[in-house]
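When reading the values below, keep in mind they use all heavy atoms of this one structure, side chains included, and skip hydrogens, waters and symmetry mates. In what follows, chains are A, B, ... by sequence order, proteins preceding strands, each numbered from 1. What you see is a predicted model, and the numbers here were worked out from it, not measured in a lab.
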Amino acid sequence: MELSQLASNLALGFGVALTLQNLFWCFMGAVIGTAVGVLPGLGPVATMALLLPVTYYLPPEGALIMLAGIYYGAQYGGSTTAILVNLPGESSSVVTCLDGYQMARQGRAGPALAIAAIGSFFAGTVATLLIAVAAPPLTALAQSFGPADYCSLMVFGLVTAIVMASGSVIKAVGMIFFGLLLGIVGTDVNTGNLRYDFGVGILFDGINFVPIAMGVFGINEIMANLTNEERRDVLSSRIAGLMPTWADIKESSGAILRGTALGSLLGILPGGGALLASFAAYSLEKKVSKTPEKFGTGIIQGVAGPESANNAAAQTSFIPMLTLGIPSNAVMAMMVGGMMIHGIIPGPQVMTDKPGLFWGMIASMWVGNAMLIIFNLPMVGVWVKMLTVPYRLLSVAILFFCCIGVYSVNNSAEEVLLITGFGLLGYFLIKMGCEPAPMLLGFILGPMMETYLRRAMLLSRGDPYVFLQRPLSLGFLIAAAILLVIIVLPNVRKVREQAFVEE
Amino acid sequence: MSDGAGNRGGIGLRNTQDLVCGLFFMAVGALGMWVGRDYPMGSPVRLGTGVFPRILCWGMLITGFAILLKGLFTAGESMGKVAWRPVILISVAATAFALAIDPLGLVVAMLVMIIPAGFAGHEFYPKEFTIFTVILVVIGVALFIWGLGMPIKTFPWS
């Protein structure tokens, strides 16, 4: 990859990202993202689902820039709540609570917040560059993929998603099958036959992405959150001395570097993302520290590492989606949904056909990160105020935006009924110990996988061995098989469980 | 959960989470098989409508069965209580909105949604709730009807 080409790509991107309109959408995304990141019980997935209908009214660049902003904005906001209230505003900030809140109790909330933001910004910058460097060669590689390779790649992606899912492995497998099955409801695009429509009119065209995402993530979250009593002890003391000392920066620089590297790597893997990255970074910091026993008592590396890692991962998880068109987690599935609303089929052709959109979105991530570090710290007071809105009222407002949002996509009241159904489904799935994220991935990949499977079989004249004869396809299948074997081995399973239960 | 019958020391039958999950997945797989029993299989070169669904339904049946076995023979978590109050009230609220929005317009639809949803939480304060309702309805009308110009009636008679 030549440097000059990288520069011209980025220049094109910044040209798009720095237009007044796109700056505005980037800002909106980052602010909304921070707000939902601050509020416990409203995650980026639900928010993106909520705003998908709105993006219909925006130009595609603005829509995707805003949606991306919500995801990384939420990573910034989540740390604020974790540090000040000892509640993870975002699931990826769970580990930040451990040392961040202790720092706040010692009157060092300011440095904790500042280091979290600086670490996130550094990680965001590195990750943006990484995307810009990695995207062109990966896209070139993807263009040599045949249908069989794509099909095997999706199998590999889904298997990785299973390995990375935080709950039971076998349930994640079942949820993926379930999602794939939901994905093929409606008219079969290749033959025109109807499948699983149950004679219901709105199912003829398949289940729309917005009601399923909003039901399973929005409505379901409201139901689950209202079950718990509210208890929020906002730290009442004033936050004095926002700026970290030179010693703070020196102590955390290693953690920021390690967190960025680890997070960037974990973000690229399918099924990975911000949550896993922050947990892994915390364990790593504990391992390399000379004083591991001090973790949990307000040590700055315990904030710097995970916060850098979750932001890095949030951004590098765009790589497989942008280059291969394959979403690696639920948030990326949302991004794919956002693209499809605008008639853009995600895949390697996006970079060549719509370079402005592609590079504009990448550049906007750096712009958004820069905005976040500038306005986030001074606005901490506002975010904390927001936490005083009781959830009993917030939930009603969220429910309203879910309903009207779904309605507005097709002016269809029937789709609002669907979100009730999917909300209930999501609630009982969680009761059964099933995570809904793999289902959403399966839902997005279902129709794609079937199409590639058919094409591969057609090209090979009905010979199923095509999947083993093409080297790329074979490679993906072998990798998937190895992963499956590994996950079944008892001691690996133990490590995986530990990674998610890091106290 | 009561101590289950049988002589597995009651471990197995306490694992209702896996038991129910396994049965649910198997039920989905079986339903998919049955509904899709007539979907044509096509030929290897031109795969028919029924191939992919059958693969997936077999997948559901097999994983469901494995989870069921796990639930029968290993310890695990129980399903836990369902919080019926928020589950029912939120479902009622969203359904009421869906049924009211076309015939009765936005304001009525919002009211029939907000009122059940407002009772879904643990606490309820009439004054706070009334003020909140008025504000939310005003925001709703201002944003979606005046702002975005959505083609919905404001009132039943408009």
Side-chain angles (χ1 to χ4, degrees), chain A residues 54 57 168 170-171 173-174 176-178 180-181 184 188 190-191 193 195-196 198 219 222-224 226-227 229-230 390-393 395-397 399-400 402-404 407-408 411 413-417 419-420 423-424 427-429 431-434 446 449-450 453-454 457-458 461-464, chain B residues 17-18 20-21 24-25 28-29 32 35-36 39-40 42-49 52-53 56-57 59-60 63-64 66-67 70 77 79-80 82-83 85-87 90-91 93-95 97-99 101-102 110 113-114 117-118 120-124 128-129 132 136 140 144 148 150-152:
Chain A
V54 179
Y57 297 93
S168 148
I170 183 136
K171 283 181 184 166
V173 177
I176 283 184
F177 280 123
F178 193 26
L180 289 166
L181 208 51
I184 59 165
D188 175 0
N190 296 71
T191 60
N193 293 338
R195 286 189 291 201
Y196 301 123
F198 296 97
I219 303 284
I222 297 174
M223 289 175 181
L226 282 172
T227 315
E229 298 275 353
E230 315 193 30
Y391 193 76
R392 57 175 181 275
L393 298 183
S395 62
V396 178
L399 181 66
F400 166 62
C402 282
C403 290
I404 191 93
Y407 180 83
S408 68
N411 286 328
E414 285 163 321
E415 293 199 337
V416 185
L417 287 177
I419 62 167
T420 316
L424 285 171
Y427 184 84
F428 286 101
L429 283 171
K431 280 277 159 206
M432 292 187 255
C434 298
M449 236 176 128
E450 187 181 26
L453 175 71
R454 277 181 166 148
M457 292 299 278
L458 189 67
R461 294 168 204 279
D463 178 11
Chain B
Q17 213 179 44
D18 288 350
V20 175
C21 180
F24 173 74
F25 282 0
V28 173
V35 173
Y39 295 162
S43 65
V45 181
R46 290 182 190 281
L47 296 181
T49 311
F52 203 52
L56 300 178
C57 289
M60 295 282 313
T63 42
I67 297 168
K70 190 170 159 259
E77 284 173 46
M79 280 276 277
V82 175
R85 186 183 157 108
V87 169
I90 294 294
S91 305
T95 310
F97 182 90
L99 298 178
I101 182 92
D102 281 333
M110 282 188 79
M113 186 219 89
I114 293 172
H122 285 275
E123 290 156 90
F124 181 81
E128 172 200 85
F129 183 70
F132 171 77
L136 192 60
F144 293 99
L148 290 174
M150 277 174 57
I152 327 174

Trainee: Is A:Tyr427 in contact with chain B via its backbone, its side chain, both, or neither, using a 4.5 Å heavy-atom distance?
Mentor: side chain
Trainee: Taking atom CE of B:Met113 and atom CG of A:Leu399, what is their separation to the nearest 0.5 Å?
Mentor: 4.5 Å
Trainee: Does some side-chain heavy atom of B:Met60 sit less than 4.5 Å from a side-chain heavy atom of A:Leu181?
Mentor: yes
Trainee: Relative to chain A, which of B:Pro40, B:Gly36, B:Pro86, B:Gly121 shows the most heavy atom pairs under 4.5 Å?
Mentor: B:Pro86
Trainee: Looking at every non-hydrogen atom in both residues, tell me the closest pair between B:Phe132 and A:Leu393 and how far apart they are.
Mentor: CZ-O, 3.2 Å
Trainee: As an exercise, state the distance from CD of B:Glu77 to CE of A:Met432, rounded to the nearest 0.5 Å.
Mentor: 14.5 Å
Trainee: Calculate, to the nearest 0.5 Å, the distance between atoms CD and CG belonging to A:Glu414 and B:Asp102 respectively.
Mentor: 9.0 Å
Trainee: Please flag which part of A:Ser408 lies under 4.5 Å from any non-hydrogen atom of chain B: side chain, backbone, both or neither.
Mentor: both
Trainee: Hey, which of B:Gly29, B:Ala93, B:Gly64, B:Ala120 has the most heavy atom pairs under 4.5 Å with chain A?
Mentor: B:Ala120
Trainee: First locate atom CG of A:Asp188, then atom OG1 of B:Thr49, and finally report the distance between them rounded to the nearest 0.5 Å.
Mentor: 4.5 Å
Trainee: Between A:Ala397, A:Ser395, A:Ala224, A:Gly423, which shows the greatest number of heavy-atom pairs under 4.5 Å with chain B?
Mentor: A:Ala397
Trainee: Could you check which of B:Gly59, B:Gly118, B:Cys57 has the highest count of heavy-atom pairs closer than 4.5 Å to chain A?
Mentor: B:Gly59
Trainee: Could you walk me through whether B:Tyr39 and A:Tyr196 pass the ring-ring contact (aromatic ring centres under 6.0 Å, His included) check?
Mentor: CA-CA 10 Å; B:Tyr39 295 162; A:Tyr196 301 123; 5.5 Å; yes
Trainee: Checking heavy atoms, do the side chain of A:Tyr407, its backbone, both or neither come under 4.5 Å from chain B?
Mentor: side chain
Trainee: Looking at OG of B:Ser43 and CZ of A:Arg461, how far apart are the two atoms once the value is rounded to the nearest 0.5 Å?
Mentor: 12.5 Å
Trainee: With respect to chain A, which residue among B:Pro151, B:Ala117, B:Gly42, B:Ala98 yields the maximal number of heavy-atom pairs within a distance under 4.5 Å?
Mentor: B:Ala98
Trainee: Any non-hydrogen side-chain atom of B:Phe129 less than 4.5 Å from a side-chain atom of A:Arg392?
Mentor: no
Trainee: Give me the atom names and distance for the closest heavy-atom approach of A:Ile170 to B:Ala66.
Mentor: CD1-CB, 3.3 Å
Trainee: Report which part of A:Leu458 has an atom under 4.5 Å of a heavy atom belonging to chain B: side chain, backbone, both, or neither.
Mentor: both
Trainee: With a 4.5 Å heavy-atom cut-off, do A:Ile219 and B:Ile90 have their side chains touching?
Mentor: yes
Trainee: Is there side-chain contact between B:Pro44 and A:Pro464, with at least one heavy-atom pair below 4.5 Å?
Mentor: no
Trainee: B:Ser91 and A:Thr420: side-chain donor and acceptor closer than 3.5 Å?
Mentor: no
Trainee: When the ring planes of B:Phe144 and A:Phe400 are compared, do they come out parallel, tilted or perpendicular, using 30° and 60° as the limits?
Mentor: perpendicular
Trainee: Is the side chain of A:Arg454 donor-acceptor paired with the backbone N or O of B:Arg46 at a distance under 3.5 Å, no angle test?
Mentor: no
Trainee: Rounded to the nearest 0.5 Å, how far apart are CD of A:Glu450 and CG of B:Leu47?
Mentor: 8.5 Å
Trainee: Counting only heavy atoms closer than 4.5 Å, note whether B:Ile101 contacts chain A via side chain, backbone, both or neither.
Mentor: side chain
Trainee: Quick one: does B:Phe97's side chain get under 4.5 Å of A:Ile404's, heavy atoms only?
Mentor: yes
Trainee: Is chain B contacted by the side chain of A:Ile176, its backbone, both, or neither, given a heavy-atom distance below 4.5 Å?
Mentor: neither
Trainee: With a 4.5 Å cut-off on side-chain heavy atoms, are A:Lys171 and B:Gln17 touching?
Mentor: yes
Trainee: Would you say the side chain of B:Val35 lies within less than 4.5 Å of the side chain of A:Phe198, judging by non-hydrogen atoms?
Mentor: yes
Trainee: Quick one: does A:Cys434's side chain get under 4.5 Å of B:Phe24's, heavy atoms only?
Mentor: no
Trainee: Heavy-atom distances under 4.5 Å only: say whether A:Cys403 touches chain B with side chain, backbone, both or neither.
Mentor: both
Trainee: Among B:Leu136, B:Val87, B:Val28, B:Leu99, single out the residue with the greatest number of heavy-atom pairs under 4.5 Å to chain A.
Mentor: B:Val87
Trainee: Side chain, backbone, both or neither: which part of A:Ile184 has an atom under 4.5 Å from a heavy atom of chain B?
Mentor: side chain
